[in-house]
Amino acid sequence: MSNQAPDYHQEQLAKASGQARKSNRRTWLANASKLIFPVIAAGGYGRFESGWFDLSQTKIRIPNLPSNRTLRLIHLSDLHLSQAVSIDHIETGFAEGLQSNPHGCMITGDFITDRPDDDQLRALLQCLRKFAREIPTFACLGNHDGGIWAEQRGGFPNPEKIKALLKAANVRLLHNESANLYLNGIPLTITGLGDVWNKDCLPQKCMRRSNAKLGSSSRFNLLLSHNPDSKSIVRNFDWSLMLSGHTHGGQFRIPFSNFAPLAPISDLAFNEGLCDFEGRPVYVTRGVGSLYGIRINCRPEISLLELSRT
């Protein structure tokens with residue numbers, strides 16, 4: 001397959017890059033912290049909520065699964081190891097998720113924030129390796145894991161450190177690539193894409209285009225893509241379910257409402273939970289960690305997804 005992106009794809013990448021500049025979450029959160037967080041987070045509530053996990057359970061109908069099989073997946077995202085998010089917090093999230101005995105674990109990027117030191121990275125490696133021994137674990141990369149966007153904001157210039165860490169931890173990183181495998185006896189294809197903001201989301205390298213004459217594949221195609229805005233880039237490709245993170249659920253939601261003004265995406269309808277994109281399901285998890293270690297009305301989420309044909 002050609003490595004040259006079509007004009008449509010280039011347009012979508014340019015549009016997403018522009019949205020990244022306009023939706024700089026750090027700027028939004030910094031401004032919000034001056035006006036909102038001191039009031040609402042008085043007494044440390046914002047930090048308390050950031051450690052209060054929500055183990056959500058969602059059933060998703062997947063027509064091209066076998067009729068007599070159910071697939072349980074844990075979906076994690078946005079670990080954001082940093083000074084604000086400890087390795088203990090991340091380990092707790094994994095441990096809570098594995099209590100549901102899932103068949104596989106999917107991690108949709110942003111393992112770190114900024115540039116963790118070597119001790120922090122070793123701790124993350126040990127944490128991931130511990131849980132990858134217990135359950136097949138797959139991942140894609142996020143905007144903080146290294147690349148053009150990350151380097152401009154003090155992060156790694158490329159994702160090589162995180163790639164090496166995941167390989168050493170036996171986490172199967174899918175970086176603009178696909179893998180065919182079985183989980184719970186179900187044949188499936190898992191595809192992982194690079195990050196939109198790092199201009200590295202390249203489905204043409206690893207995905208089959210939709211073809212009205214041929215129809216969709218009869219095989220279950222699970223897509224991991226950090227930023228839900230990438231849905232526009234993969235519109236014309238063959239996938240059954242897309243898993244994303246990136247939004248943190250907005251990290252701050254107006255009390256007594258679900259309005260999340262700080263969500264760093266162009267389509268706020270895809271801020272969290274199960275969404276529909278032109279007849280195909282997209283699940284956006286609120287994530288394990290956070291920026292600045294503060295969440296308001298938006299608990300961190302461990303997502304248990306139960307997939308079946310009916």
Side-chain angles (χ1 to χ4, degrees), residues 25-26 29-30 32-33 37-38 40-56 74-100 105-135 137 139 141-146 150 153-156 159 161-166 168-171 173 226 245-252 262 264 272 285-304:
R25 178 164 44 196
R26 289 174 180 271
L29 285 171
S33 67
F37 286 175
I40 301 178
Y45 175 77
R47 294 193 179 279
F48 164 76
E49 185 169 303
S50 70
W52 181 18
F53 283 109
D54 176 19
L55 179 58
S56 66
I74 284 294
H75 176 202
L76 305 176
S77 193
D78 301 272
L79 308 185
H80 277 294
L81 178 67
S82 62
Q83 295 300 321
V85 180
S86 71
I87 196 66
D88 290 341
H89 173 83
I90 294 170
E91 286 206 15
T92 298
F94 272 98
E96 290 197 15
L98 291 188
Q99 290 179 9
S100 59
C105 176
M106 307 295 152
I107 310 175
T108 50
D110 274 2
F111 290 86
I112 60 170
T113 304
D114 302 321
R115 296 195 187 200
D117 61 33
D118 289 343
D119 287 342
Q120 288 176 306
L121 291 175
R122 276 192 293 271
L124 180 59
L125 188 158
Q126 292 167 3
C127 170
L128 293 171
R129 179 187 286 161
K130 172 183 175 181
F131 291 103
R133 287 189 185 123
E134 299 185 38
I135 183 174
T137 304
L141 296 177
N143 52 295
H144 283 272
D145 294 323
R153 290 153 183 83
F156 293 125
K161 271 188 178 275
I162 302 305
K163 284 184 175 182
L165 185 154
L166 296 176
N170 295 316
V171 173
L173 172 65
H226 177 67
H246 181 66
T247 69
H248 302 184
Q251 195 162 321
F252 164 80
L262 308 183
E272 68 163 317
T285 185
R286 295 192 301 271
V288 172
S290 61
L291 296 178
Y292 309 111
I294 292 176
R295 283 178 174 268
I296 301 295
N297 198 29
C298 188
R299 291 165 59 190
E301 180 180 20
I302 309 300
S303 305
L304 172 61

Could you work out, with side chain to side chain donor-acceptor pair (under 3.5 Å) as the rule, every residue matching T108, not counting sequence neighbours?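 If we apply the side chain to side chain donor-acceptor pair (under 3.5 Å) test to T108, skipping adjacent residues, the hits are H75, S77.
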
Side chain to side chain donor-acceptor pair (under 3.5 Å) against S303, all qualifying residues, sequence neighbours excluded: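 Counting only residues at least two positions away or on another chain, S303 forms a side chain to side chain donor-acceptor pair (under 3.5 Å) with T285, E301.
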
Heavy-atom closest pair, residues [X] and [Y]:
X: L76; Y: C105; answer: CD1-SG, 4.1 Å
X: G293; Y: S50; answer: O-OG, 3.1 Å
X: I90; Y: C127; answer: CG2-SG, 4.1 Å
X: A132; Y: A169; answer: CB-O, 3.4 Å
X: Q251; Y: L291; answer: NE2-O, 2.6 Å

Heavy-atom count around K163 NZ within 6.0 Å, excluding the residue itself: above 12?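 Correct, the count exceeds 12.
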
Counterpart residues, side-chain contact (heavy atoms from CB on, under 4.5 Å), relative to [X] (two or more places apart):
X: Q83; answer: Q120
X: K130; answer: E91
X: A168; answer: L125, R129

When rounded to the nearest 0.5 angstrom, what distance separates [atom1] in [X] from [atom2] in [Y]?
X: I74; Y: F131; atom1: CD1; atom2: CZ; value: 11.5 Å
X: I107; Y: F94; atom1: CD1; atom2: CZ; value: 4.0 Å
X: S56; Y: L304; atom1: OG; atom2: CG; value: 7.5 Å
X: L166; Y: D145; atom1: CG; atom2: CG; value: 7.5 Å
X: H226; Y: D110; atom1: NE2; atom2: CG; value: 3.5 Å
X: E49; Y: R295; atom1: CD; atom2: CZ; value: 8.0 Å

Could you walk me through whether F111 and L165 pass the side chain to side chain contact (heavy atoms under 4.5 Å, CB included) check? CA-CA 10 Å; F111 290 86; L165 185 154; 5.9 Å; no

Minimum side-chain heavy-atom gap [X]-[Y] below 4.5 Å:
X: S290; Y: H80; value: no
X: H248; Y: D78; value: yes
X: L173; Y: I162; value: no
X: V288; Y: V85; value: no
X: L128; Y: T137; value: no

Under the salt bridge (Lys or Arg N to Asp or Glu O under 4.0 Å) test, which residues partner R122, sequence neighbours left out?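 Per chain and number, R122 pairs via salt bridge (Lys or Arg N to Asp or Glu O under 4.0 Å) with D119.
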
Excluding sequence neighbours, so at least two apart, what forms salt bridge (Lys or Arg N to Asp or Glu O under 4.0 Å) with D54?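 R286.
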
Which residues pass the ring pair (Phe, Tyr, Trp, His ring centres under 6.0 Å) test with F156, sequence neighbours left out?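 With neighbours one apart ignored, the set is empty.
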
Going through the checks in order, is the side-chain hydrogen bond (donor to acceptor under 3.5 Å, both in side chains) test met by T113 and H144? CA-CA 6 Å; T113 304; H144 283 272; 4.8 Å; no

Which label fits H89 and F53: parallel for a plane angle under 30°, tilted from 30 to 60°, or perpendicular past 60°?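 Parallel, since the angle between the ring planes stays under 30°.
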
